Engineer: 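Below is the structure I would like to discuss, written out as structure tokens.
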Amino acid sequence: VNANAQSKKIIPSKKRIAVFNFKQVNTTNAIATIVRNTVEMKFFGNSSYEVLEQNQVEILLKERKKQYSNCHDEKCAAALGAMLKADYIVTGSVDKLDSFIINIKLVDVKKRTVIYAQSKESKNLSNIRAVTKKLTEECARAVEKKFKGIPDSQISFYAFGNFFIPTGQLASLGDPG
């Protein structure tokens with residue numbers, strides 16, 4: 001392969017993703033906000049995504065408050081996502097029984113379908129961020145799989161603090177030392 005062919009390599013555009021507020025069931029809004037913010041930061045730390053600012057999402061939701069208050073399915077979430085020009089919408093809930101259950105759904109805006117849905121349990125509040133980070137990483141893998149047509153088993157991430165980077169993109173970051 002010559003240098004000209006390599007320099008013309010097409011780099012896929014970043015996928016636009018919007019993270020909606022997570023619903024709280026038998027818990028506080030503050031806990032649901034912590035979970036939502038953790039999800040947003042995990043996606044923000046992945047160079048494959050352009051995360052829409054929370055303010056952009058909130059402005060639309062305030063404008064469409066009546067429509068959003070009755071929004072309980074993927075088709076409605078996709079319609080709101082289309083208004084934001086997002087490729088994907090992340091939504092979910094935090095439920096409290098004996099432990100916390102974090103539910104996350106990823107909606108493909110164009111297809112108006114849920115492409116990932118998963119729940120994870122956190123036995124206590126002190127572990128809720130770690131569980132949310134793990135759940136978000138799994139969600140990102142699902143998007144990478146759909147986006148690139150790669151089997152789940154071949155997708156891995158390098159964790160760096162609050163951020164994660166698909167290992168296939170590590171070479172483009174250069175040598176940090």
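From a predicted model like this one, the values you see are computed outputs, not experimental measurements.
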Engineer: If you take all heavy atoms of Val107 and Glu74, which pair is closest and at what distance?
Structural biologist: CG1-O, 3.7 Å

Engineer: Return the minimal non-hydrogen interatomic distance between Val109 and Ala78, and the atom names on each side.
Structural biologist: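 Here Val109 and Ala78 meet closest at CG1-O, 3.4 Å.
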
Engineer: If you take all heavy atoms of Ser119 and Ile101, which pair is closest and at what distance?
Structural biologist: CB-CG2, 4.1 Å

Engineer: How far does CG of Leu80 sit from CD1 of Ile89, to the nearest 0.5 angstrom?
Structural biologist: 7.5 Å

Engineer: Can you tell me which residue pairs pass the salt bridge (charged side-chain N to carboxylate O under 4.0 Å, His left out) test with a partner in residues 79-93, sequence neighbours excluded?
Structural biologist: none

Engineer: Hydrophobic clustering (ILVMFWY, side-chain heavy atoms < 4.5 Å, transitive) - are Ile34 and Ile102 grouped together?
Structural biologist: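 Shared cluster, no.
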
Engineer: Can you tell me how far CZ of Phe20 sits from CG of Leu52, rounded to the nearest 0.5 angstrom?
Structural biologist: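 Going from CG on Leu52 over to CZ on Phe20, the span is 9.0 Å.
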
Engineer: Hey, which of Arg129, Gln54, Lys42 is the one that makes side-chain contact (heavy atoms from CB on, under 4.5 Å) with Asn37?
Structural biologist: Gln54

Engineer: Applying ring-ring contact (aromatic ring centres under 6.0 Å, His included) between Tyr49 and each of Phe44, Tyr88, Phe43, report the one that passes.
Structural biologist: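 Of all the options given, the one that passes is Phe43.
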
Engineer: Could you tell me whether the side chain of Ile128 reaches within less than 4.5 Å of the side chain of Ile31, counting heavy atoms only?
Structural biologist: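 A side-chain contact exists here, since the closest heavy-atom pair is under 4.5 Å.
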
Engineer: Nearest 0.5 angstrom please: Arg141 CZ to Tyr116 OH, how far?
Structural biologist: 9.0 Å

Engineer: Please indicate whether Asp98 has more than 12 foreign heavy atoms, meaning atoms of other residues, nucleotides or ligands, lying under 6.0 Å from its CG.
Structural biologist: no

Engineer: Does the pair Val25 and Lys96 meet the rule for a side-chain contact (heavy atoms from CB on, under 4.5 Å), with working shown?
Structural biologist: CA-CA 6 Å; Val25 178; Lys96 173 77 167 103; over 6 Å; no

Engineer: For Val51 and Glu40: C-alpha separation, side-chain torsions, deciding distance, then whether side-chain contact (heavy atoms from CB on, under 4.5 Å) applies.
Structural biologist: CA-CA 7 Å; Val51 179; Glu40 181 180 66; 3.7 Å; yes

Engineer: Evaluate whether atom CD of Glu53 has more than 12 neighbouring non-hydrogen atoms of other residues, nucleotides or ligands under 6.0 angstrom away.
Structural biologist: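 For Glu53, atom CD is not crowded (no more than 12 foreign heavy atoms under 6.0 Å).
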
Engineer: Verify, without hydrogens or angle tests, whether Arg16 (side chain) and Leu84 (backbone) share a donor-acceptor contact under 3.5 angstrom.
Structural biologist: yes

Engineer: With distance as the sole test, does Thr113 use its side chain to make a donor-acceptor pair with the main-chain N or O of Ile115 at under 3.5 Å?
Structural biologist: no

Engineer: Are Phe22 and Leu125 grouped together when hydrophobic residues (ILVMFWY) are joined by side-chain heavy atoms under 4.5 angstrom apart?
Structural biologist: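 Hydrophobic grouping puts Phe22 with Leu125.
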
Engineer: Return the minimal non-hydrogen interatomic distance between Ser99 and Lys123, and the atom names on each side.
Structural biologist: CB-CA, 3.8 Å

Engineer: Looking only at non-hydrogen atoms, find the nearest pair between Val94 and Thr27 and report the distance.
Structural biologist: O-CG2, 3.4 Å

Engineer: State, yes or no, whether a side-chain contact exists between Val19 and Arg36 at a heavy-atom distance under 4.5 Å.
Structural biologist: yes

Engineer: To the closest 0.5 Å, what do you measure between OG (Ser93) and CG (Asn26)?
Structural biologist: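 CG of Asn26 is found 12.0 Å from OG of Ser93.
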
Engineer: So, taking the atom named NZ in Lys62 and the one named CD1 in Ile59, what distance separates them when rounded to the nearest 0.5 Å?
Structural biologist: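 CD1 of Ile59 is found 8.0 Å from NZ of Lys62.
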
Engineer: Does any non-hydrogen side-chain atom of Lys105 lie less than 4.5 Å from one of Gln118?
Structural biologist: no

Engineer: Determine whether a donor-acceptor pair (N or O, by modelled atom type, separation under 3.5 Å) exists between the side chain of Asn124 and the backbone of Asn127.
Structural biologist: yes

Engineer: Closest heavy-atom contact between Val90 and Ile17?
Structural biologist: CG2-CD1, 3.6 Å

Engineer: Rounded to the nearest 0.5 Å, what separation is found between the NZ atom of Lys14 and the CG atom of Asn46?
Structural biologist: 9.0 Å

Engineer: Can you confirm whether Asp95 sits close enough to Asn103 that some side-chain heavy atom of one is under 4.5 Å from a side-chain heavy atom of the other?
Structural biologist: yes

